[in-house]
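These notes concern the structure reproduced below.
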Amino acid sequence: MSVGVQRLRDDPETLRRGAADKGEDPSIVDRAIDLDERRRALVAEADALKAERNASSKRIGEAIRGGADPNGPEVADLKSASTAAGERIDAMDTELAAIEADLEDAMLRIPNPADPDVPVGGEEANVTVRTWGEPLPVDGRRPHWDLADELGLIDLARGAKVAGSGFPVYVGAGSALQRALISWFLDTHTAENGMTEIWPPAVVNADSARGTGQIPDKEDQMYVVTRDDLYLVPTAEVPVTNLHRDEIIEADDLPIRYAAYSPCFRREAGAAGRDTRGILRVHQFDKVEMVSFVRPEDSEAELEWLTERAELLLQRLGLAYRVLLMATREMGFVQARKYDLEVWAPGAERWLEVSSVSNFRDYQARRMAIRHRAEAGAKPELLHTLNGSGLALPRTMAAIIETHQQPDGSIAVPEPLRPYLGGREHIGPPGA
RNA sequence: GGAGGGGUGGCAGAGUGGACGAAUGCAGCGGUCUUGAAAACCGCCGUGGGGCAACCCACCGUGGGUUCGAAUCCCACCCCCUCCGCCA
């Protein structure tokens, strides 16, 4: 399940092209088609045998109730027919189970095709949809790793000692700034955007990890607690979207919108070098995530709305940013359409991704069996899920530090955060 | 961690080997009645899979087992509740 066997049968070409566009092997589609056909043939055969066995069992019951000796020859004959069918059924069920396991695995490896208007290609094909604010010139501006160290906001060395490289320690005003950002984000999402606040578990089980598509596709990116068979969450998307796994939601209750803070754990295997300076790429970071469950016809509008909710936060923080429509090979396995919000960091001299807003259409919903009734009494149908960061903390913090740095080495606190910092308008300068 | 109780349709809740895919109630849908609504009454009403269809198959927490036949008996695991222990 993921793209659904119905679509596999009806429109395999879109699935093949979708896989190829995302840089995946399209032959998985044909493997799935083959398994589906074999499965159907076997199911038909096994079901016929089961019907036969059910009928004989029923006859045995009737015979005994009708006065036949349960241990007599008449009943023994009936039993042997049923037993013989049972043996063949067992053999077929074993084969069927193997084929179904293979089919499920193949289906899980077929990516969600991108929407038709998504540009095909890699990074070079991304489209800048819009920009906001003036990217500050880089001259004289210092990178956040210098400033944060000098102001005592972030202690990377001790984080490395205590846990490892990529586990930053936030200190003093640095820690307070984290709290301020989280609180302000959540307050905005609840009071202004009407979302329900969620504080989710930081670990999930395998069913949940599979539901949102972390496994089998991105298993290497997650920290696994093997002793208890749990996964540290790479984003609140995983526990929050799984909140409604295996549920049928009444249409009147849609849309459901959540805002959730969680720590995020990512192994970032293979990542190293220039992009990892300071807190640009770390193993543990904090993020507020927005998650929506909507009627299928509403998901396109919801994607735009969520993107705007994230943009508004950046605007109020006074950070210049751009919105990118991500190309097929940049968007990952499960998304149908994705916008990235990149904020300008004048000290690090680059654009930093601080939010990723995605429409999964029915792909995650199918994996998780999240359905809704379009109207009372109607058949349950899959709904659409979406999510977007609002926002990820470390890079937002880096951009704040670099954008709002003052000539004296202090940092001006953006206006919306001041109430959360006891009215403070500046952090630093050192010795002040 | 230990002892006991329990997990059944959207919800509540019966069902201890064959007539049970499952009583009953509530909710929902359609209808009668009514100016309209309510009440009352009648009918329908789980999910998934296979098949053009008739129809068939599977599912009573999960996975095994016993049996001709399992919601029902046996085993393991998971989850919930109560009590005890431990503990931020």
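Proteins get letters first, then strands, A, B, ... in listed order; numbering begins at 1 in each.
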Salt-bridge criterion met for A/Glu13 and A/Arg16 (N-O under 4.0 Å): yes

Parallel, tilted or perpendicular, as decided by the 30° and 60° cut-offs, for the rings of A/His283 and A/Phe167: tilted

Between A/His244 and A/Tyr258, ring centroids under 6.0 Å: yes

Nucleotide opposite B/G9 in a Watson-Crick or G-U pair, distances under 3.5 Å: none

base_contact_polar (B/G49 base, A/Asp47 side chain, donor-acceptor, <3.5 Å): yes

Who pairs with B/A27 - Watson-Crick or G-U, where each distance is under 3.5 Å: none

Atom pairs under 3.5 Å: protein N/O with N/O of nucleotides 44-47 of chain B:
residue	atom	partner	partner atom	Å
B/U47	O3'	A/Arg371	NH1	2.9

Gap between atoms CG and P, on A/Asp252 and B/G10 respectively (whole Å): 18 Å

A/Asp220 with A/Arg267: basic N within carboxylate O range, under 4.0 Å: no

Distance below 4.0 Å between A/Asn54 side-chain N/O and B/C56 OP1 or OP2: no

Salt bridge present between A/Arg371 and A/Glu247 (N-O < 4.0 angstrom): no

Using the 3.5 Å cut-off, write out each protein N or O paired with an N or O of nucleotides 17-19 of chain B and the distance between them.
residue	atom	partner	partner atom	Å
B/G18	O2'	A/Arg65	NH1	3.0
B/G18	N2	A/Ser57	O	2.8
B/A19	N6	A/Arg65	NE	2.5

Distance below 4.0 Å between A/Arg59 side-chain N/O and B/C68 OP1 or OP2: no

Exam field: side chain A/Lys338 to backbone A/Glu330, donor-acceptor pair closer than 3.5 Å: yes

Nucleotide nearest A/Arg40 (side chain, heavy atoms from C-beta), chosen from B/C57, B/G51, B/C68: B/G51

Polar side-chain atom of A/Asp340 near backbone of A/Glu353 as donor-acceptor pair, under 3.5 Å: no

Side chain to side chain contact (heavy atoms under 4.5 Å, CB included) partners for A/Ala374, two or more places apart: A/His372, A/Glu381

Distance test, side-chain N/O of A/Arg9 to OP1/OP2 of B/G50, below 4.0 Å: yes

Proximal nucleotide (of B/G69, B/G50, B/C56) relative to the A/Ala51 side chain: B/C56

